[in-house]
There are 4 protein chains.
Amino acid sequence: MSTDVRHKVRDAAIALFAQKGVKATTVRDIARAAGVSEGALYRHWPSKEELAADLFAAEYTAMSQSLRDAAGHGPAPERLRRVIHHAFHLAEAAPDRTRFLLLSQHESLPLVPQGQETPVDVICGIVADGIAEGSIVPADRDALSHIVIGAIVLNVQSQVYGRQKAPLATLAGPIADAILNGISRTGAGQ
Amino acid sequence: MSTDVRHKVRDAAIALFAQKGVKATTVRDIARAAGVSEGALYRHWPSKEELAADLFAAEYTAMSQSLRDAAGHGPAPERLRRVIHHAFHLAEAAPDRTRFLLLSQHESLPLVPQGQETPVDVICGIVADGIAEGSIVPADRDALSHIVIGAIVLNVQSQVYGRQKAPLATLAGPIADAILNGISRTGAGQ
Amino acid sequence: MSTDVRHKVRDAAIALFAQKGVKATTVRDIARAAGVSEGALYRHWPSKEELAADLFAAEYTAMSQSLRDAAGHGPAPERLRRVIHHAFHLAEAAPDRTRFLLLSQHESLPLVPQGQETPVDVICGIVADGIAEGSIVPADRDALSHIVIGAIVLNVQSQVYGRQKAPLATLAGPIADAILNGISRTGAGQ
Amino acid sequence: MSTDVRHKVRDAAIALFAQKGVKATTVRDIARAAGVSEGALYRHWPSKEELAADLFAAEYTAMSQSLRDAAGHGPAPERLRRVIHHAFHLAEAAPDRTRFLLLSQHESLPLVPQGQETPVDVICGIVADGIAEGSIVPADRDALSHIVIGAIVLNVQSQVYGRQKAPLATLAGPIADAILNGISRTGAGQ
DNA sequence: AATGAATGAGTGTTCATTCAT
DNA sequence: GATGAATGAACACTCATTCAT
C-alpha cells in the first residue's frame, strides 16, 4: 500500500537528514534504509528536494499545531510558559525530528508554502495578544517574539549538540521565569 | 602574491557560501568569482571543505574577539547590553558574513578547533561573572547565556530573512531591556 | 542484463589496456568503446584500478588452468614441451590478451590474490616433478623454471613487438628442443 | 651548474620511476626529491615523458656497452656465459636501475632511437657468431637469443619481486650451464 | 638560470533521475 | 505499482606545463 511506502520513507529520510543533512543523504541511502526501491520514492515525491521540503513543512506545521494546542487559553504569559515547556518536551521526545528541523531550516524554511501557520506565527500571535491585553510590554511584537523563540531554539540546540548536559525539562522553569520576567508588564511571569 | 589569492578567494567564497551554502557552491563558482584558477585555490587550502571550515573558524573567532572588545568592563548586565548592540551592529554591517555564519554553523561548528574562544564562550563568561558578582540571577549559567544568544541570533536571523523590517539598531535597546530585565538580579538592566 | 555490461566492458577494457596501458586508458574511453555509460561500469567494479586488477587476475588464472590442462600427464620434459607449444598458441590466438598481460604485469601482478595458481606456479610445479623423478637436472627449481618461462615470455614479446616475424608455431619446436636439451637429465628433450 | 641539475634529477627520477612507474611519478615528486625547482627540469628536458625516455635509453645503451665489454672475445658460448654473469651482477649492483628498466620497457622501448645498439642486439650478435662458427645450434637466431635473454630477464625479475631468495651470483653458473647446454652444438657450454 | 605560483584541461567518481521489465 | 540497472551531467581534485619575477 502506498501509505506504507510513504511512512517508511518518511521515517528513514528524517533519520538520515537529521544525521547528515539533506545534501549529504543520497536517494539510495533513503531507499535502502526504508527498505524500498529508489524508483518507488519517485512515485510519491517528484524529487529528493521536494521530499525534504515536504517532510520539513509537515513537521514544522505539526509542531505549530502542537504548540498552539499546548498553549491553551488564559493570559499571554501563562500561554507562553506552557509553550516553552511543551517545545522542550517535543525536542527531548523526538531528537531526530528536532535535529532535522534545526539542520534543514535554512534550506527548507523558504519553501514552506505561504499561509501555513508556523511555530513562529503561533508565538508571535500570543505575544501580540499579550501586548493588546497589557500583560506584555509594548515593544516591537516580532522582536519580543524572537526573544522567546531564541531562548527555546538556542537552548534546544545547546542540548542537541551536547554543550548542555542538564535535561531540558529541568531548565524549562528557570528559562521561562527569566523570559517572562523580562517581557511581562507586571514584572511577574504568572 | 599569495595573499592576493587568499583574499580574493575568501571574499568570493564567503559571498557564495552565504547565498547557496557550502555544498551547493562549486569550486568552479568560487574560482570564477574570485578571478583565479581552480588549481590556485588548492595551493592555499587542501579541499573545499577545509576552505569552508577555515573561513568559518576565522570569522567565528574574529567575532568572538570583537564581542569581547565591545563588552569592555563593568557590571555584567552593562557588558551584555554592549554585546547585544555590537552583535546587531556587526550583523547589519556585514550581512554576507552573517548569513555565512548562520548557514554554515551546523556543518562547520563541529570543525572549529577546540580551545578557540567562541562568541558563545564570551557570553557564557560574562554571564558567569554576573552570577558570581550577584548582578545576574543564580540559575544555570548556560541556560541563561543561551537566552541572550538566542535573542541575538533569532532577531538577526529574522532580519536577514526579511521577516523583520525594522533596523536592528532601533531594536537593540528594547531587546536588551527585556533580556536584562529578565536575568538581572535587581530587576533592572542597568 | 548485467552479464552483458560485464562482457562488453571486459572486452573493450582489455583491448584498450593492451594498446595504451591501464593508466593511459580513461574510464570514458572504456565506456565509449564498450557502448555503455560510465556509471554502468561502477555498478560492476568499484574503480578503474579494480577493474584492471580483476581482468588481469581472471586472464592470468585462466591461462594457468589452460596451461595445466595442456600439460597433461607423463614425464616432466614432455609436459613442458606441451606447455611451451600451448603458450605460443595462446599468445598467437589472442594477441590483445597477451599484450594486456605483458603490459600490466608490473602493476597488476602484486594484486593477484594469494593462493590463486599462476602460470609461474604451473611451470615450477612441473619442473619440481621433473627434478624429483630425475628427468630434470637437480638445480634450483625456480631458476630452471624461469629459464622456461623466460624462453616463452621473451619469444612471445619479441613477436608481439614485431622483432620476430616468424610465427611462433614454427619456432615452438626448436625452442622447446633447446630448453629441454638444456635442463633434462639425459640430455634429450623427450 | 647544469650538469649538477641533470645528475640530481636523473638519480631522483630513476629511483622514483623504479618505485612507482613513470605515470605515477609527478614532476613535483622528482623536483622535490632532486632538490631543484619544477621549472628547472624543463630547462634540461622538454617534458616528463622525454625525461623518462632519455633516462631509459641512456641506461639501456649503457647496459649494452657494459655487456659487450664483459663478453670479451672467444667462442660464442664462453662470451654468452660471461654476459649472463655480468647481467646478473649489474642487476644486483643497481636494483633501482634494474627495476626502472623492467618497469619502463613497455612504454619506453619503442622510443629508443633506431640505430642505438641494445642489449638484445648484443646477445643476438653473439648468437649469430656462434651459429656461423658452428658452436651454437643452427636454429632461428632471434629465437635462440631470446631464450638467453629470457633466462636473464625472468630470473632477475624473479629476484627483484622477491620470489627468488637466492642471490643471482650463485645461480648464474647453473643457469648458464643449462642454457649453453641447450643451445651449444657440442652439447657442452664451454 | 632558477624559481614556484598559477593555469585549466582532463581525471575518476558520484548520484538524482528515468524507464524497460 | 514496484524494481534497480542504466544514464550522463556534474563534481572535486590533479598535475604537466608556462612564465613573471
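Chain A is the first sequence line, chain B the second, and so forth, proteins listed ahead of strands; every chain is numbered from 1.
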_N or O in side chain of B/H44 less than 4.0 angstrom from E/dA6 OP1/OP2_ = yes
*Starting from the 5' end of DNA chain E, give me the residue, B/V36 or D/S37, whose nearest nucleotide shows up first.*
D/S37
*According to the interplanar angle, ranging from 0 to 90°, do the rings of A/F100 and A/F56 count as parallel (below 30°), tilted (30 to 60°) or perpendicular (above 60°)?*
perpendicular
*A/S64 side chain to A/Y60 backbone, donor-acceptor under 3.5 Å*: no
_From CD1 of C/I30 over to C1' of E/dG10, roughly how many Å is that when rounded to an integer?_
15 Å
*Rounded off to whole Å, could you give me the NZ-to-C1' distance for the C/K20 and E/dT11 pair?*
13 Å
_Tell me if a side-chain donor or acceptor on C/Q105 pairs with a main-chain N or O of C/L102 at a distance below 3.5 Å._
yes
*Supply the atom-to-atom distance D/R97 CZ to D/L55 CG, rounded to the nearest 0.5 angstrom.*
12.0 Å
*Audit row: B/I30, B/L51, side chain to side chain contact (heavy atoms under 4.5 Å, CB included) steps and yes/no*: CA-CA 11 Å; B/I30 300 168; B/L51 164 64; 4.1 Å; yes
*asked:* Without decimals, in angstroms, what is the distance between C/D4 CG and F/dA6 P?
replied: 8 Å
*To the nearest Å, how far apart are D/R32 CZ and F/dC15 C1'?*
12 Å
*Tell me: CD of D/E50 to P of F/dA16, nearest whole Å?*
15 Å
*Could you spell out the base pairing of DNA chain E in dot-bracket, with Watson-Crick or G-U pairs whose two distances are under 3.5 Å, [ ] crossing and | to another strand?*
.||||||||||||||||||||
*Would you mind reading off the distance between B/R6 atom CZ and E/dA6 atom C1', rounded to a whole angstrom?*
16 Å
*Under the side chain to side chain contact (heavy atoms under 4.5 Å, CB included) criterion, do D/V153 and C/V153 qualify, and how do the steps go?*
CA-CA 10 Å; D/V153 170; C/V153 170; over 6 Å; no
*When you check every protein heavy atom under 4.0 Å of nucleotides 12-19 of chain E, what one-letter string (B, S, -) results, 5' to 3'?*
BBBBSBB-
*D/V9 vs D/H44 side-chain heavy atoms within contact, under 4.5 Å*: no
*Between CZ of D/R10 and CG of D/D54, what distance do you get to the nearest 0.5 Å?*
10.0 Å
_C/V22 side chain reached by C/E107 side chain, heavy atoms, under 4.5 Å_ = yes
_For the backbone of D/L101 and the side chain of D/S104, can you confirm whether one donor and one acceptor N or O come within less than 3.5 Å of each other?_
no
*Between B/K8 (NZ) and E/dT7 (C1'), how many Å, whole number?*
13 Å
*Is there a side chain to side chain contact (heavy atoms under 4.5 Å, CB included) between D/V5 and D/R43 once you walk through the steps?*
CA-CA 10 Å; D/V5 171; D/R43 200 161 293 280; over 6 Å; no
*asked:* So if I take residues 9-18 of chain C and measure heavy-atom distances to DNA chain F, which residues fall below 4.0 Å?
replied: none
*Distance, rounded to the nearest Å, where C/L41 contributes CG and F/dG8 contributes P*: 14 Å
